[in-house]
Amino acid sequence: MTQNQVTLETLTSLAKRRGFVFQASEIYGGLAGFWDFGPYGVELMNNIKQLWWREMVYAHRNVYGVDGAIIQNPKLWKASGHVAGFTDPMVEDTKNGKRYRADHLAGVDSTDLNELAELLKDKKSPDGNPLSAPRVFNMMMKTWVGPIESDDSVAYLRPETAGSIFTNFELVRETTRSKVPFGIAQIGKAFRNEISPRDFIFRVREFEQAEMQYFIHPDNQEEAYQYWRDWAWNFYTQAAGLSEDNLQWHEHGPTERAHYAAAAHDIYFKFPQGFKELCGTHNRTDFDLSNHMKESGKDLTYFDEATRERFTPNVIESSMGLGRFFMAVLCNAYTEEKAGDETRIVLKIKPSLAPVKVAVLPLSKKPELSALSEKVYKELVQKTGYNIEYDETQSIGRRYRRQDEIGTPYCVTIDFESLQDGQVTLRERDSMQQTRIKIEDLAASIKI
RNA sequence: GCGGGUUUAGCUCAGUUGUUUAGAGCGCCACCUUGCCAAGGUGGAGGCCGCGGGUUAGAGUCCCGCAACCCGCACCA
């Protein structure tokens with residue numbers, strides 16, 4: 001058995017062939033950085049979201065969910081630092097086209113193009129070539145609200161979901177009558193004009209995040225930071241079933257951190273292209289609430305009745321890219337093993353995450369078998385509520401392999417004896433073990 | 001965004017120095033098979049050869065532009 005030897009090509013090919021992920025607007029040649037989820041992809045993604053939501057929101061009695069708008073008042077992104085931080089002045093080497101941060105080359109912390117142009121006037125590129133004039137690169141996607149495109153109506157598609165959590169901090173606290181510490185969680189799309197989308201769905205321009213902001217007393221930073229780091233590790237290894245061998249910690253150095261973070265610990269996953277970021281636990285301090293107070297003029301401080309103390313809550317963030325997690329789940333599950341002379345491809349995915357839980361497979365297309373199989377199928381759907389598939393085409397072996405390839409944990413086969421004895425064969429994905437059981441015991445025998 | 005490579009069936013790929021109806025394996029569909037791990041037989045569907053322009057009597061093949069993907073570089077709040 002070789003596990004996690006999957007290449008990016010194998011993964012992309014499987015994802016398309018089996019209906020997990022398609023290139024967005026493929027018939028028009030696609031669009032760099034955008035992907036669509038197919039029938040099995042959307043099931044897997046929904047299961048992933050459900051798992052995270054359960055472990056994050058339902059498992060913590062002081063964590064609440066919200067679902068914010070993608071487009072917010074542009075002032076929000078000014079306060080969050082994204083208008084400044086996401087807009088980088090860049091210069092180009094005029095000979096070889098290599099691009100550099102103008103402020104880095106000039107050795108100043110400035111986004112003023114005139115100032116940078118002046119400072120870089122006589123500078124050469126690291127390769128000794130003349131530089132172009134500095135230009136602004138904006139990573140935020142722009143749009144216009146209302147039918148008239150003017151500077152007044154410019155808005156941005158959110159570059160991260162967190163923004164609306166901070167703006168709703170006070171409303172959520174009030175409506176849930178929460179005391180600090182408490183958390184607000186959100187799953188949703190975010191958009192960034194990445195310069196070069198890469199590596200399948202790893203680096204994309206439209207992506208989905210699952211993140212939670214935990215509001216705490218400033219004295220509790222260490223404790224909360226540690227708690228959410230441990231939570232993240234347990235989530236991936238226990239709840240999601242990722243192998244510990246495929247995960248490692250990565251602590252951000254001072255130059256790596258986002259503009260808002262005082263400390264950052266990422267978990268990296270062993271993707272086909274190497275160990276790369278899967279999720280992050282960041283200490284955002286009071287950066288966000290303080291800036292929103294400044295920009296909005298609203299008071300977002302918290303008064304602790306017990307200690308008679310007023311303070312600006314600090315924030316520990318737990319965030320993850322769902323597309324990356326999706327990819328990690330597939331990589332972690334992908335297995336090739338020998339079955340006779342053939343290579344069997346099987347996604348050893350956690351049953352709770354599997355896109356299809358059970359496949360009902362009549363051994364023959366004879367009407368009397370189809371009738372019983374349809375009945376078994378319908379009853380199973382009703383009793384379990386699972387996504388269940390019905391397949392009667394081609395040989396039984398082939399149908400098993402189809403289900404293996406999408407990670408279906410159970411197959412039920414119905415034969416002519418079933419008509420007599422009311423029993424069917426339940427086949428388990430990983431062991432390929434078969435057991436004969438009564439139809440009425442079927443639903444209870446399926447362990448997800 | 002820069003440099004290099006690639007793009008032909010759902011997938012993986014072959015197509016010679018330009019020439020008539022563009023191929024293979026796998027996959028898919030139908031029929032046969034009381035049939036349990038990609039079996040076999042027969043039949044079938046599926047390609048404007050990435051898109052657009054050009055050269056030519058004639059282009060999958062040569063030239064130009066664009067797009068997407070892959071590998072480096074740079075970028076990654």
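Here the structure is a predicted model, which means the values were calculated and not measured. Here is the naming used below: chain letters follow the sequence lines, and residue numbers restart at 1 for every chain. Values reported hereafter were calculated over all heavy atoms of this structure, with side chains retained and with hydrogens, waters and symmetry mates removed.
In this structure, A/Lys383 places its NZ atom where more than 12 heavy-atom neighbours from other residues, nucleotides or ligands lie under 6.0 Å away.
Judged by distance alone, with hydrogens and angles left aside, A/Tyr400 brings a side-chain donor or acceptor within reach of the base of B/C36, the pair sitting under 3.5 Å. At a cut-off of 3.5 angstrom, counting only N and O atoms as typed in the model, there is a donor on one side and an acceptor on the other between the side-chain of A/Asp415 and the base of B/C36. For A/Thr413 against B/C36, a side-chain-to-base donor-acceptor contact under 3.5 Å is present. A donor N or O paired with an acceptor N or O is found under 3.5 Å between the base of B/C36 and the side-chain atoms of A/Gln434. Side-chain atoms of A/Ser196 and base atoms of B/C75 include no donor and acceptor less than 3.5 Å apart.
The distance from atom CZ of A/Arg399 to atom P of B/C36 is 12 Å, rounded to the nearest whole Å. When rounded to the nearest whole Å, the span between CZ of A/Arg402 and P of B/C36 equals 17 Å. Between the P atom of B/G72 and the CG atom of A/Leu8 lies a distance of 11 Å, rounded to the nearest Å. Between A/Ile414 atom CD1 and B/U34 atom P the separation is 18 Å, expressed in whole Å. The interatomic distance linking A/Arg198 (CZ) with B/G72 (P) rounds to 8 Å, in whole Å. If you take CZ of A/Phe200 and C1' of B/C70, they are 14 Å apart, rounded to a whole angstrom. Counting to the nearest Å, the C1' atom of B/U33 and the CD1 atom of A/Ile396 are 15 Å from each other. Here the P atom of nucleotide B/C70 and the NZ atom of A/Lys16 are 13 Å apart, to the nearest Å.
Comparing B/G47 with B/G5, their P atoms sit 32 Å apart, to the nearest whole Å. Taking atom C1' on both nucleotides, B/U16 is separated from B/U61 by 10 Å, rounded to a whole Å. Comparing B/U17 with B/C62, their C1' atoms sit 12 Å apart, to the nearest whole Å. The gap from the C1' atom of B/A9 to that of B/C29 amounts to 15 Å, rounded to the nearest Å. For the C1' atoms, the distance linking B/A14 with B/C51 amounts to 24 Å, nearest Å. Between the C1' atoms of B/C49 and B/C13, the separation comes to 13 Å (whole Å). Spacing between B/G15 and B/G4 at atom P, rounded to whole Å, works out to 24 Å. Between B/A59 and B/A22, the distance separating the two P atoms is 14 Å to the nearest Å.
Counting only heavy atoms from C-beta outward, the side chains of A/Leu353 and A/Leu44 approach each other to under 4.5 Å. Side chains of A/Met141 and A/Tyr156 form no contact here, defined as non-hydrogen atoms less than 4.5 Å apart.
Below 30°, between 30° and 60°, or above 60°: for A/Trp249 and A/Trp233 the angle between ring planes is below 30°, a parallel geometry. Ring-plane geometry between A/Phe235 and A/Trp231 is classed as parallel, the angle between the planes falling under 30 degrees on a 0 to 90 degree scale with a further cut at 60. Ring pair A/Phe326/A/Phe37 is perpendicular by interplanar angle, where above 60° counts as perpendicular and below 30° as parallel.
Distances were taken from every side-chain heavy atom of A/Trp35 (C-beta onward) to each of B/C76, B/A38, B/C69; the shortest belongs to B/C69. Listed candidates were B/A38, B/C37, B/C36. Nearest to the side chain of A/Thr425 is B/C36.
Pairing partner, B/C31: B/G41, with both Watson-Crick or wobble hydrogen-bond distances short of 3.5 Å. Summarising the base pairing, B/C26 is matched to B/G10 through a Watson-Crick or G-U wobble pair whose two defining distances lie under 3.5 Å. Across all strands shown, B/G1 forms a Watson-Crick or G-U wobble pair with B/C73, both key distances being under 3.5 Å. Across the strands present, B/G65 finds its partner in B/C51; the criterion is a Watson-Crick or G-U wobble pair with both atom distances under 3.5 angstrom.
Dashed line: the shortest gap from a side-chain N or O of A/Ser395 to OP1 or OP2 of B/A39 is under 4.0 Å. The phosphate of B/C29 has OP1 or OP2 within less than 4.0 Å of a side-chain N or O from A/Gln394. Within the structure, a side-chain polar atom (N or O) of A/Lys365 is placed less than 4.0 Å from OP1 or OP2 of B/C31. For A/Arg427 and B/C37, the shortest distance from a side-chain N or O to OP1 or OP2 is not below 4.0 Å.
Nearest-nucleotide positions on RNA chain B place A/Arg17 closer to the 5' end than the other of A/Glu160 and A/Arg17. Positionally, the nearest nucleotide of RNA chain B for A/Asp391 lies more toward the 5' end than for the other of A/Asp391 and A/Leu31.
Side chain of A/Gln186 to backbone of A/Gly68: a donor-acceptor contact under 3.5 angstrom is found.
We find that A/Arg398 and A/Asp391 are not joined by a salt bridge, their nearest charged nitrogen and carboxylate oxygen being 4.0 Å or further apart.
Counting non-hydrogen atoms under 4.0 angstrom, A/Thr393 reaches the backbone sugars and phosphates but no base.
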